[in-house]
Amino acid sequence: VKLWEVYGKRRCIRTYVGHKLAIRDTNFNNAGDRFLTASYDRSIKMWDTETGDVVGRFTNNKMAFCVKFNPNDDKQHLIVAGTSSNKIICWDIRSGDIVQEYDRHLAAVNTITFVDRNRRFITTSDDKSMRVWEWNIPVDMKYIADPRS
């Protein structure tokens, strides 16, 4: 991962090395002092932005295509990842434990987008559908797909 200066000289500020394969997604926490990477090596790593140290590792032995911190300040200890196993997995970064699984897609989950003041999130999948979820309730509240699919 390379962190670039956006203003000024637009130079590379830091390079973070630690995955064995390419990185699919990244996401910073609200403070910007930690970020997540989801890699083709089937691991999610949490990094200290300043030191470059890996401060957390998470896996369910499946590839994570997307990864996000919960955007609420009081829930920044929870991360979600869309995986190749058709699931959205939620970890508590304090313990490293999986605390929730959302399991309704029929193919890999590609994106996670928080909406409605972060009370809900939307996922997209290779099954050509979108699903809307209430945070912490593992049953989708809305299913959107092209009926011709």
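Y102 and V99 fall within a single hydrophobic cluster, where Ile, Leu, Val, Met, Phe, Trp and Tyr side chains are chained together by heavy-atom contacts under 4.5 Å. W91 and V67 end up in the same hydrophobic cluster when Ile, Leu, Val, Met, Phe, Trp and Tyr side chains are linked at under 4.5 Å. When the side chains of ILVMFWY residues are joined at heavy-atom separations under 4.5 Å, either directly or via intervening members, V115 and I144 end up in a single hydrophobic cluster. F28 and F114 fall into different hydrophobic clusters, where Ile, Leu, Val, Met, Phe, Trp and Tyr are joined by side-chain heavy atoms under 4.5 Å apart, directly or via other members. By the criterion of side-chain heavy atoms lying less than 4.5 angstrom apart, applied directly or through intervening Ile, Leu, Val, Met, Phe, Trp or Tyr residues, V80 is grouped together with W133 in one hydrophobic cluster.
Scored by the side-chain hydrogen bond (donor to acceptor under 3.5 Å, both in side chains) test, Y40 finds R24 as partners (sequence neighbours excluded). With sequence neighbours excluded, the residues that form a side chain to side chain contact (heavy atoms under 4.5 Å, CB included) with V109 are I88, H105, T123. Taking the side chain to side chain contact (heavy atoms under 4.5 Å, CB included) definition, one finds that I93 meets it with M46, F58, F69, H77, I79, sequence neighbours left out. Remark: D92 engages R94 in a salt bridge (charged side-chain N to carboxylate O under 4.0 Å, His left out) (not counting sequence neighbours). Every residue two or more places apart in sequence or in another chain that forms a side chain to side chain contact (heavy atoms under 4.5 Å, CB included) with V132 is listed here: R120, I122, M141, K142. Shown here are the side-chain hydrogen bond (donor to acceptor under 3.5 Å, both in side chains) partners of T124, two or more places apart in sequence or in another chain: T111. Shown here are the side-chain hydrogen bond (donor to acceptor under 3.5 Å, both in side chains) partners of Q100, two or more places apart in sequence or in another chain: N136. Residues meeting the salt bridge (charged side-chain N to carboxylate O under 4.0 Å, His left out) test with K87, sequence neighbours left out: E101. Taking W135 as the reference, nothing meets the side-chain hydrogen bond (donor to acceptor under 3.5 Å, both in side chains) condition, with sequence neighbours excluded.
Contact of the I23 side chain with the D25 side chain is not registered, since no non-hydrogen atoms from C-beta on lie closer than 4.5 Å. Using a 4.5 Å heavy-atom cutoff, the side chains of R14 and K2 are not in contact.
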Which side-chain N or O atoms in residues 5-13 pair as donor and acceptor under 3.5 Å with protein atoms at least two apart or in another chain?
unit_1 : atom_1 : unit_2 : atom_2 : d
E5     : OE1    : K9     : N      : 2.9
E5     : OE1    : R10    : N      : 3.2
R10    : NE     : V6     : O      : 3.2

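The structure places CG of D97 at 11.0 Å from SG of C90, a figure rounded to the nearest 0.5 Å. Taking CG of N72 as the start and CG of N118 as the end, the distance is 4.5 Å to the nearest 0.5 Å. Note that CG of D33 is 6.0 Å distant from OG1 of T49, once rounded to the nearest 0.5 Å. For the atom pair OH (Y16) and CG (L3), the distance works out to 4.5 Å, reported to the nearest 0.5 Å. Note that the CG atom of D53 and the NZ atom of K45 stand 12.0 Å from one another [nearest 0.5 Å]. The distance from the OG atom of S39 to the CG atom of L21 is 5.5 Å, given to the nearest 0.5 Å.
Under the 4.0 Å criterion applied to side-chain N and carboxylate O atoms, K128 and D146 are not assigned as salt-bridge partners. A salt bridge links R131 and D140; the closest N-O separation between the charged side-chain nitrogens and carboxylate oxygens is under 4.0 Å.
Taking Ile, Leu, Val, Met, Phe, Trp and Tyr as hydrophobic and joining them when side-chain heavy atoms fall under 4.5 Å apart, one finds W4 isolated, its cluster having no other members.
Looking at N30, its side chain does come within 3.5 Å of a backbone N or O of P71 through a donor-acceptor pair. Without hydrogens or angle criteria, D126 side chain to A107 main chain gives no donor-acceptor distance under 3.5 Å. Remark: the backbone N or O of N61 is paired with a side-chain donor or acceptor of R42 at under 3.5 angstrom. The backbone N or O of T26 lies less than 3.5 Å from no partner atom in the side chain of T37, so there is not a single donor-acceptor pair.
Contact detail for I112 and G82: the closest heavy-atom pair is CD1-N, 3.5 Å. Residues S84 and A108 share a closest heavy-atom pair of CA-CB, 4.0 Å.
Residues T83 and S85 bring a donor and an acceptor atom of their side chains to less than 3.5 Å of each other.
The salt bridge (charged side-chain N to carboxylate O under 4.0 Å, His left out) contacts involving residues 55-73 comprise nothing, where partners must be two or more places apart or lie in separate chains.
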